[in-house]
Amino acid sequence: MNKHHEIMSKYTVLLLLLISPLLSSKSFAQQSDAAATELETKWQNLKAYALEIAEVMPAEFYTFKPTPEQMTFQSQLTHMARNIEKLSYSYLLPDEQPDESDMILDGKATIVQILGDAFDVGSRAHQRLSEQELDEKVSFFAGPMTKRQIRELLHAHQTHHLGQLIVYLRLKGIEPPKYVGW
């Protein structure tokens, strides 16, 4: 073990010793509840921001894509919705089944509705999982992950695509909505 790893290992052990009393205390449970509430608030803000972005783009530009290799604006939104549903139903809400109706994924109003509904599915996943369930490992294509990691992936994936959609808006001369974060 090199000197750097040795020092980092010592600091890690020291840190664990210092925080271990907190991990078993009631205050940790309260912190976990607060963290869950804060994360759900973040999710609701992410939903509101996504829907604002979807609404501000005129319907005639829903088929716009900046380059041939990229998805259309509409495809980005439906991809986001399907990703939320896939991750939530497959890994976080296994007792629920998705609505497999053959909804036509076309038109601004339909896409906005699908996106909002998908965010509601993600919200249920946020609210239903206990700290213990979040520690459970699931088999994921990138290797085993905890449900907590899947939940974090939900956030990261949406943020990634919303960033792309902001560029689509700018390329059409549309000012994006004011950012809504935490």
Side-chain angles (χ1 to χ4, degrees), residues 35-129 133-134 138-142 145-182:
T37 300
E38 290 167 359
L39 193 61
E40 175 59 18
T41 299
K42 179 185 170 203
W43 185 254
Q44 291 303 320
N45 288 338
L46 190 60
K47 174 186 176 181
Y49 192 57
L51 294 175
E52 278 190 77
I53 286 174
E55 288 288 356
V56 75
M57 179 67 96
E60 64 266 20
F61 295 141
Y62 262 55
T63 57
F64 170 69
K65 57 182 177 176
T67 68
E69 299 81 21
Q70 290 178 286
M71 290 187 269
T72 65
F73 187 87
Q74 175 176 306
S75 295
Q76 289 269 8
L77 294 172
T78 56
H79 172 74
M80 290 170 59
R82 294 305 178 225
N83 174 265
I84 293 169
E85 291 171 347
K86 175 74 173 163
L87 291 175
S88 295
Y89 287 128
S90 297
Y91 302 102
L92 306 176
L93 299 170
D95 58 324
E96 288 190 30
Q97 295 298 313
D99 178 12
E100 298 287 340
S101 62
D102 291 332
M103 183 178 280
I104 298 171
L105 301 178
D106 197 21
K108 180 176 177 173
T110 303
I111 300 304
V112 170
Q113 179 66 46
I114 289 168
L115 185 62
D117 291 348
F119 269 96
D120 291 343
V121 171
S123 183
R124 283 199 310 276
H126 279 79
Q127 294 169 7
R128 287 193 186 167
L129 294 170
E133 288 171 311
L134 287 169
V138 295
S139 179
F140 194 65
F141 78 92
M145 290 192 172
T146 64
K147 290 183 178 183
R148 181 177 290 100
Q149 289 173 297
I150 299 293
R151 185 182 67 183
E152 292 301 323
L153 178 58
L154 277 171
H155 287 257
H157 186 262
Q158 304 325 304
T159 302
H160 165 74
H161 286 281
L162 288 172
Q164 292 179 21
L165 290 174
I166 290 169
V167 174
Y168 285 46
L169 293 174
R170 293 278 188 201
L171 289 170
K172 286 297 184 183
I174 300 166
E175 186 171 336
K178 186 176 187 258
Y179 177 69
V180 179
W182 298 89

How close do [X] and [Y] get, counting heavy atoms only, and between which atoms?
X    : Y    : result
S88  : A125 : OG-CB, 4.1 Å
Q149 : T146 : OE1-N, 2.8 Å
R82  : E85  : NH1-OE1, 2.6 Å
P177 : L169 : CD-CD1, 4.2 Å
I84  : Q158 : CG1-NE2, 3.4 Å

Which residues satisfy the side-chain hydrogen bond (donor to acceptor under 3.5 Å, both in side chains) test with K147, sequence neighbours excluded?
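Counting only residues at least two positions away or on another chain, K147 forms a side-chain hydrogen bond (donor to acceptor under 3.5 Å, both in side chains) with E136.
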
How many angstroms lie between atom [atom1] of [X] and atom [atom2] of [Y], to the nearest 0.5 angstrom?
X    : Y    : atom1 : atom2 : value
L134 : R151 : CG    : CZ    : 4.5 Å
L154 : L87  : CG    : CG    : 5.0 Å
L93  : D95  : CG    : CG    : 6.5 Å
L77  : M57  : CG    : CE    : 9.0 Å

Under 3.5 Å, which donor-acceptor pairs link side chains of residues 60-69 to any protein atom two or more places apart or in another chain?
{"residue": "Y62", "atom": "OH", "partner": "A54", "partner atom": "O", "Å": "2.5"}
{"residue": "K65", "atom": "NZ", "partner": "P68", "partner atom": "O", "Å": "3.3"}
{"residue": "T67", "atom": "OG1", "partner": "E69", "partner atom": "OE1", "Å": "3.2"}
{"residue": "T67", "atom": "OG1", "partner": "Q70", "partner atom": "OE1", "Å": "3.1"}

Is there a side-chain contact between [X] and [Y] (heavy atoms, below 4.5 Å)?
X    : Y    : value
R124 : L92  : no
Q74  : K108 : no
P58  : I174 : yes
N45  : K42  : no

Run the side chain to side chain contact (heavy atoms under 4.5 Å, CB included) test against [X] and tell me which residues pass, sequence neighbours left out.
X    : answer
E40  : W43, Q44, S123, H126, Q127
T159 : L46
A50  : M80, L115, F119, L162

So, using salt bridge (Lys or Arg N to Asp or Glu O under 4.0 Å) as the criterion, who are the partners of E52 when residues are at least two apart?
none

Yes or no on side-chain contact (heavy atoms from CB on, under 4.5 Å) for E175 and V56, after CA distance, side-chain angles and deciding distance?
CA-CA 9 Å; E175 186 171 336; V56 75; over 6 Å; no

I would like to know whether M71 and T78 meet side-chain contact (heavy atoms from CB on, under 4.5 Å); could you show each step before the answer?
CA-CA 10 Å; M71 290 187 269; T78 56; over 6 Å; no

Results of ring pair (Phe, Tyr, Trp, His ring centres under 6.0 Å) for Y91 - residues two or more places apart only
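Y91 satisfies ring pair (Phe, Tyr, Trp, His ring centres under 6.0 Å) with F140 only.
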
Got a sec, which pairs hit side-chain hydrogen bond (donor to acceptor under 3.5 Å, both in side chains) with one end in residues 161-173, sequence neighbours left out?
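Passing the test, one end in residues 161-173: Q76-H161, Q76-Q164, Q76-Y168, H79-H161, H157-H161, H160-Q164.
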
